[in-house]
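Below you'll find the structure, written out as structure tokens, and then a few comments.
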Amino acid sequence: MTTTTAVTVDELATLMKQAAGVTVDPRELEQSPQTPFSVLGVDSLGLLGIVGELENRTGQSLPNDAERCKTPEEFLALVNDTLRNGA
């Protein structure tokens, strides 16, 4: 995959399914972006998998803080800021 400038809610939902085995409706993520990953069923290992998959897709390293994000909103803000600014 080529370099991405922003990860969408839909892409995050897909990554959550692929890397963490958690199915979440993208509309649910959009409507409640502050819902903690733990409530959605994504644990720290699942989030690490999501970070790893994104790094593979974008060819960019993400900050260690990415795997410590508590909510989709926080995660997307950090990841998209990093991708826009080229890490």
Side-chain angles (χ1 to χ4, degrees):
M1 188 173 178
T2 56
T3 301
T4 305
T5 52
V7 177
T8 66
V9 170
D10 286 342
E11 288 172 309
L12 179 58
T14 300
L15 286 165
M16 288 169 69
K17 173 84 172 141
Q18 291 173 340
V22 175
T23 302
V24 178
D25 186 331
R27 290 175 302 232
E28 183 183 327
L29 287 179
E30 258 178 341
Q31 291 168 355
S32 305
Q34 296 93 8
T35 301
F37 280 120
S38 58
V39 171
L40 296 169
V42 179
D43 60 13
S44 57
L45 196 58
L47 198 52
L48 192 60
I50 292 168
V51 169
E53 182 62 31
L54 267 176
E55 287 178 335
N56 289 340
R57 287 183 182 197
T58 63
Q60 282 188 274
S61 293
L62 296 175
N64 290 336
D65 290 347
E67 60 201 54
R68 293 190 200 101
C69 289
K70 301 293 183 209
T71 67
E73 180 178 63
E74 181 184 0
F75 182 79
L76 287 172
L78 177 68
V79 167
N80 288 333
D81 187 51
T82 300
L83 293 175
R84 272 192 298 276
N85 295 319

For residues Ala66 and Phe75, report the shortest heavy-atom separation together with the two atoms involved.
O-CD1, 3.4 Å
Leu62 backbone acceptor or donor facing Glu55 side chain under 3.5 Å
yes
Residue pair Asp43, Ser38: steps toward the side-chain contact (heavy atoms from CB on, under 4.5 Å) verdict
CA-CA 6 Å; Asp43 60 13; Ser38 58; over 6 Å; no
Could you tell me the separation between the CD atom of Gln34 and the CD atom of Glu74, rounded to the nearest 0.5 Å?
11.0 Å
Do you know which two heavy atoms are closest between Pro72 and Leu29, and how far apart they sit?
CG-CD2, 3.6 Å
So, does Thr35 use its side chain to make a donor-acceptor pair with the main chain of Ser32 at under 3.5 Å?
yes
Between Leu76 and Thr8, what is the shortest heavy-atom contact and its length?
CD2-O, 4.2 Å
Taking salt bridge (charged side-chain N to carboxylate O under 4.0 Å, His left out) as the test, write out the residues that go with Glu30, two or more places apart.
none
Using the rule that two of Ile, Leu, Val, Met, Phe, Trp, Tyr join whenever any of their side-chain heavy atoms come within less than 4.5 Å, decide whether Leu83 and Leu15 are in one cluster.
yes
So, taking the atom named CD in Glu53 and the one named OG1 in Thr58, what distance separates them when rounded to the nearest 0.5 Å?
10.0 Å
Of all the heavy-atom pairs spanning Thr82 and Ser61, show the shortest one and how long it is.
CG2-O, 4.1 Å
Closest approach of Ala20 to Gly46 (non-hydrogen atoms, all atoms of both residues):
CB-CA, 3.7 Å
Any side-chain heavy atom of Thr14 sitting closer than 4.5 Å to one from Asp10?
no
Show your reasoning for whether side-chain contact (heavy atoms from CB on, under 4.5 Å) applies to Ile50 and Leu47.
CA-CA 5 Å; Ile50 292 168; Leu47 198 52; 4.2 Å; yes
Point-to-point distance, once rounded to the nearest 0.5 Å, from CD of Glu73 to CG of Leu12
12.0 Å
Any Leu54 side-chain heavy atom under 4.5 Å of Gln60 side chain:
no
What is the distance from atom CG of Asp65 to atom CG of Leu78, rounded to the nearest 0.5 Å?
6.0 Å
For Leu40 and Val22, the nearest pair of non-hydrogen atoms, with its separation, is O-CG1, 3.1 Å
